[in-house]
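Below is one structure, written out as structure tokens, with a few remarks after it.
What you see is a predicted model; the values in this text were computed from it and never measured.
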2 protein chains.
Amino acid sequence: MSLPSTPAATDPAPRRARGRPRKTADERDDGNRRQALLREAARLFRQHGFAATSTRDIATAAGMQSGSPFYHFDSKEALLAAVMQEGMERALQRQQAAIAASVEERAPEPSDCLRVLVRSHLDVILGPDSDFIPVMLYEWRSLAEAQRSEVNRLKDAYEGTWVPVLRALHDSGELRGDPSLARLMLFGALNWSVQWFDPARRASLDDLADTALQLFLKDPA
Amino acid sequence: MSLPSTPAATDPAPRRARGRPRKTADERDDGNRRQALLREAARLFRQHGFAATSTRDIATAAGMQSGSPFYHFDSKEALLAAVMQEGMERALQRQQAAIAASVEERAPEPSDCLRVLVRSHLDVILGPDSDFIPVMLYEWRSLAEAQRSEVNRLKDAYEGTWVPVLRALHDSGELRGDPSLARLMLFGALNWSVQWFDPARRASLDDLADTALQLFLKDPA
DNA sequence: CCTACCGATCGGTAGG
DNA sequence: CCTACCGATCGGTAGG
């Protein structure tokens, strides 16, 4: 419509995007470098812990010089906060997508909902690119007080999804014990797998989900 | 019998223990200092993590100068290993004592045995002087390979106690799912409480044990 | 167990 | 994003 094909033969130097001062390639690269730092930080924080990982280690892993991470992040703590935030955002997305997919198929039973949540959670903590959430789970004390609230917001949303499902299972008698304590213990059972799960051996994530449900759920009345 | 009361009046300086070069008081004191270091190390390692705790922090907490911990321990890593070993020895003692006490009362059902193990475990990780085992649970990666085997021996003994109990419950139908996976998930549910349990609020350790059993056990057939 | 100290490493910055 | 650097801290040691 309002885009006449005025032949710009008079314009010798063709410009790509009007508002930006050229160097679109550099900008995409900047994003790549930041993402590389996040990814390597998550991997190293998970493997060795926050305090035992130096910003130099992270820089080297991302192919940078020792001072360069501070061009992208204000401090080592800000890098940790970014890892946790990124992890929670991805986890929340994956959780919501899994729920949406299961609702689309049919009206799910509460136990089906729990299976979806458990399976999605196992994927978040043990699947590919799963370094971010374990860092959040096991390095929480290293996060400065000031930066906890934002991550807590996402964490509350993620955990809140479980509440109505667990309550429904409690009401139907399939889950015994206080639902709030049950949620904490279920999370414990699942999150602990970060310490022992070996993707090469033992069970698959599907097997883990099956066992968890067998363990925690009673037969429906 | 062969201990004639020869009056040692000819001996002007009375000696306490023949083999040791006097200073029994100092020796007991040495043990106290070492114990103080262990206790403060466990507390600080639990609170801030191994890597984030300096040997100076530990020395100060124990009322010593910065170099003094190395009179008692070869290295910071040796101090960590000693904390874990001390913790596992205490845990194993408490576990065996709890079992012995429960067997004395009556021939216990498998579910009673599990209750005893769960309650004793909660005491080990959440009760008084419970800094040692959480350090082992959450700082394992900080322990040097060479020092893992000794702690692993104790850990295997502690965990081995659970195996026949869980198998019996599985055979009676009270516990569903693979017993070996069940043990890992049960440990996860309990160990995770280190992250959220607040002795001032919420439930008591007895309540926690009750909920865990309600959650994991089916009604006996 | 203290005093005094060392070499190494760390998070972070100025200036380009 | 790199170069070059700083002040602080750390684990550990010699000598008493």
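The A:Tyr71 side chain lies nearest to D:dC1 when the options are D:dC1, C:dC1, D:dG12. Side chain of B:Lys76, nearest nucleotide from D:dG12, C:dC2, C:dT13: D:dG12. The side chain of A:Gln65 approaches D:dC2 more closely than any other nucleotide in the set D:dG12, D:dC2, C:dG12. Here the side chain of A:Arg33 is nearest to one of D:dC1, C:dT13, D:dG12, namely D:dC1. Between C:dT13, C:dC2, D:dC2, one nucleotide has an atom nearer to the side chain of A:Ser68 than all others, and that is D:dC2.
For A:Phe187 and A:Trp162, the distance between ring centers is under 6.0 angstrom.
With no hydrogens or angles considered, a side-chain donor-acceptor pair links A:Asp57 and A:Ser54 at under 3.5 Å. A:Asp123 and A:Ser120 form no side-chain donor-acceptor contact under 3.5 Å, judged by distance and modelled atom types alone.
In this structure, the CG atom of B:Asp74 is 8 Å from the P atom of D:dT13, given to the nearest Å. The CE-P distance, from A:Met64 to D:dC1, rounds to 4 Å in whole Å. In this entry the distance linking CZ of A:Phe70 with P of C:dC10 reads 11 Å, nearest Å. For A:Leu44 and C:dG11, the CG to P distance is 12 Å, given to the nearest whole Å. Atom CG of A:Leu37 and atom C1' of D:dC1 are 11 Å apart (whole Å).
For A:Gln95 (side chain) and A:Tyr158 (main-chain N/O), a donor-acceptor pair under 3.5 Å exists by modelled atom type.
Taking CG from B:Leu122 and CG from B:Leu208, the interatomic distance works out to 5.5 Å, rounded to the nearest 0.5 Å.
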- request: Begin from the C-alpha positions of B:Glu77 and B:Leu143 and carry the test side chain to side chain contact (heavy atoms under 4.5 Å, CB included) through to its verdict.
  value: CA-CA 7 Å; B:Glu77 284 191 353; B:Leu143 189 66; over 6 Å; no
- request: Using the side chain to side chain contact (heavy atoms under 4.5 Å, CB included) rule, take B:Leu80 and B:Phe73 through it: C-alpha gap first, then chi angles, then the decisive distance, then the call.
  value: CA-CA 10 Å; B:Leu80 177 65; B:Phe73 298 93; over 6 Å; no
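Between A:Lys76 and A:Glu139, no side-chain nitrogen of the basic residue sits less than 4.0 Å from a carboxylate oxygen of the acidic one, so the salt-bridge criterion is not met.
Annotation: A:Arg167, atom CZ; neighbour count of heavy atoms from other residues, nucleotides and ligands within 6.0 Å does not exceed 12.
Stem regions annotated for DNA chain D: C:1-16 with D:1-16, counting only runs of 3 or more consecutive pairs of Watson-Crick or G-U type with both contacts under 3.5 Å.
The stretch residues 48-61 of chain B touches DNA chain D through B:Thr53, B:Ser54, B:Thr55, B:Arg56, each having a heavy atom under 4.0 angstrom from the strand.
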